[in-house]
Number of protein chains: 2
Amino acid sequence: MLHLVGLGLADETDITVRGLEIVKRAERVYLEAYTSILLVDKAKLEAFYGRPVIEADRELVESGSDEILAGADKADIVFLVVGDPFGATTHTDLVLRARELGIATNVVPNASIMSGIGCTGLQLYNFGQTVSMVFFTETWKPSSFYDRVRENAQLGLHTLVLLDIKVKEPSLENLARGRRIFEPPRYMTVAQCAAQMLETEAERKEGVCNPDNLAVGAARVGAPDQKIVAGTLQELADSDLGAPLHSLVLLGRRTHDLERDYIREFAVNQATFDASYQKGYGASS
Amino acid sequence: MLHLVGLGLADETDITVRGLEIVKRAERVYLEAYTSILLVDKAKLEAFYGRPVIEADRELVESGSDEILAGADKADIVFLVVGDPFGATTHTDLVLRARELGIATNVVPNASIMSGIGCTGLQLYNFGQTVSMVFFTETWKPSSFYDRVRENAQLGLHTLVLLDIKVKEPSLENLARGRRIFEPPRYMTVAQCAAQMLETEAERKEGVCNPDNLAVGAARVGAPDQKIVAGTLQELADSDLGAPLHSLVLLGRRTHDLERDYIREFAVNQATFDASYQKGYGASS
């Protein structure tokens with residue numbers, strides 16, 4: 001059987017008791033290590049599980065799924081995923097491939113940033129569709145996120161923005177030369193995301209990501225040193241939330257008083273927060 | 001410190017290792033037992049934790065929060081929540097009250113139906129806002145859900161519908177007489193939800209919840225006997241997914257091929273599924 005086991009958000013102790021039991025008795029254990037990361041490394045997981053873990057990079061998962069699935073018709077094979085197993089499309093692919101091969105699958109859910117973002121005090125049923133923000137380059141600044149944010153904003157809904165990570169990516173130069181040498185990992189910060197949203201606003205000028213629009217930044221959700229800040233997009237572009245992983249929520253105008261009270265405690269500056277809030281947020285807006 | 005610990009979705013083994021450690025060493029442990037339920041009872045939890053658990057009903061949480069928080073400035077008090085701690089507004093209230101009293105709080109995230117619904121194969125970033133469906137009565141059939149679903153549908157997005165549960169609710173007659181006698185618990189089924197959506201469509205006639213619109217029903221997400229069915233709303237109104245808890249997703253038209261392939265396997269009837277799908281679903285619609 002193929003078991004997709006969610007690891008949750010922060011460290012090795014965020015696995016569920018059900019998940020840990022499966023990991024301990026499985027024949028092989030893979031760790032999906034490119035769409036998200038835990039805040040601890042593989043060695044820490046191996047020590048906690050008391051067994052080896054095989055790192056599965058994008059290449060192995062996307063081209064070598066049959067290698068992962070080998071023997072899963074008879075033995076238990078585990079595929080560990082940071083957050084919840086269904087957070088990324090890739091894993092749906094793996095289950096579909098298992099189905100084709102007649103291999104049974106079992107999923108062990110866990111916390112995902114999609115629900116964990118509730119730690120900000122923003123109500124999950126006030127969120128619209130989730131968007132992703134990729135690292136802009138000199139020549140590639142995709143703004144499709146802006147259209148999705150606008151759709152949410154028109155309904156008064158919050159938007160969760162998931163921030164790009166680059167792990168084991170070859171540089172363009174090494175890619176061209178066919179060398180398997182990787183760039184150091186990069187994790188987008190709340191400040192970088194806010195700056196890219198402002199850059200896109202300056203380009204598109206539709207008033208979706210204004211400098212005085214309110215947003216909430218969250219870092220290391222679920223970890224003991226979790227950090228949350230609230231402020232204008234301009235303030236967040238100047239913020240520093242420390243180590244990864246970061247996420248950002250652009251506030252929708254259909255905000256409940258309870259949500260305001262909760263996030264106001266995290267404001268970079270309560271005066272600018274109140275001023276921006278009064279300009280157009282709140283349930284009656 | 002007040003610890004809000006998520007229990008996940010199915011049984012006692014869905015708690016995280018981090019959460020279990022906190023439960024074992026805490027002074028008092030409360031179980032929030034009215035906005036959702038695990039598929040096992042309190043006695044099973046107590047046996048697993050090796051300690052007593054205090055059931056917290058709506059009355060205690062909403063009017064007796066200071067009783068829950070008593071001593072939390074010095075000792076560890078745990079408040080167990082099915083799913084993720086921030087799934088329901090009530091718990092935000094409890095944290096705000098703790099803040100007022102100067103009591104530190106710690107949240108242990110877990111799987112929520114908001115992310116667990118990914119087990120259907122539908123991509124979480126294709127969902128719009130989540131809605132709730134309450135039990136209709138002869139005189140009270142609130143249709144605000146219909147407006148939210150329409151907003152999502154206009155953007156081509158899926159809608160997760162969370163289904164009503166009634167636990168420890170006094171009957172109207174007993175309420176009027178001031179008697180603390182409760183009705184037997186009731187959990188809405190996928191079939192009841194689909195029927196109420198069709199009833200509202202017949203009333204509103206805006207084409208948001210047509211009998212041949214596609215939907216996915218999910219029961220006991222995360223449990224070994226989890227069940228998923230896909231079909232038209234009419235088919236789901238005639239379905240039987242067994243024991244609670246149930247959830248329903250109304251499919252948005254911006255469906256990806258990979259999502260279709262995944263849910264088609266769960267179709268009540270693949271011929272009607274395909275016929276409805278071809279009428280207007282798919283990424284290009």
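Letters A, B, ... mirror the listed sequences (proteins, then strands); counts begin at 1.
When heavy atoms are compared at a cutoff of 4.5 Å, B/F127 approaches chain A solely by way of its backbone atoms N, CA, C and O. Proximity to chain A involves both the backbone and the side chain of B/I15, based on heavy atoms less than 4.5 angstrom apart. Heavy atoms closer than 4.5 Å to chain A are found nowhere in B/N126, neither backbone nor side chain.
Counting heavy-atom pairs closer than 4.5 Å to chain B, the top residue among A/G121, A/G222, A/C119, A/G116 is A/C119. Comparing A/L160, A/L4, A/L162, A/D11 by how many heavy-atom pairs each has under 4.5 Å with chain B, the most go to A/D11. Most heavy-atom pairs under 4.5 Å with chain A: of the set B/N110, B/T130, B/N106, B/V95, this distinction falls to B/N110. Ranked by non-hydrogen atom pairs under 4.5 Å with chain B, the options A/E12, A/E21, A/R148 are led by A/R148.
Cation-pi geometry between B/R264 and B/Y277 is not satisfied (NZ or CZ under 6.0 Å from the ring centre, within 45° of the ring normal).
Under the 4.0 Å criterion applied to side-chain N and carboxylate O atoms, B/R254 and A/E151 are assigned as salt-bridge partners.
Side-chain contact check for B/T120 and B/E259: no donor-acceptor pair (N or O, by modelled atom type) lies under 3.5 Å.
Applying ring pair (Phe, Tyr, Trp, His ring centres under 6.0 Å) to A/H91 and the options A/Y34, A/F79, A/F86 leaves one that passes, A/F79.
A/H158 NE2 to B/Q129 CD: the interatomic distance, rounded to the nearest 0.5 Å, is 11.0 Å.
Among residues two or more places apart in sequence or in another chain, the side chain to side chain donor-acceptor pair (under 3.5 Å) test is passed with A/H246 by none.
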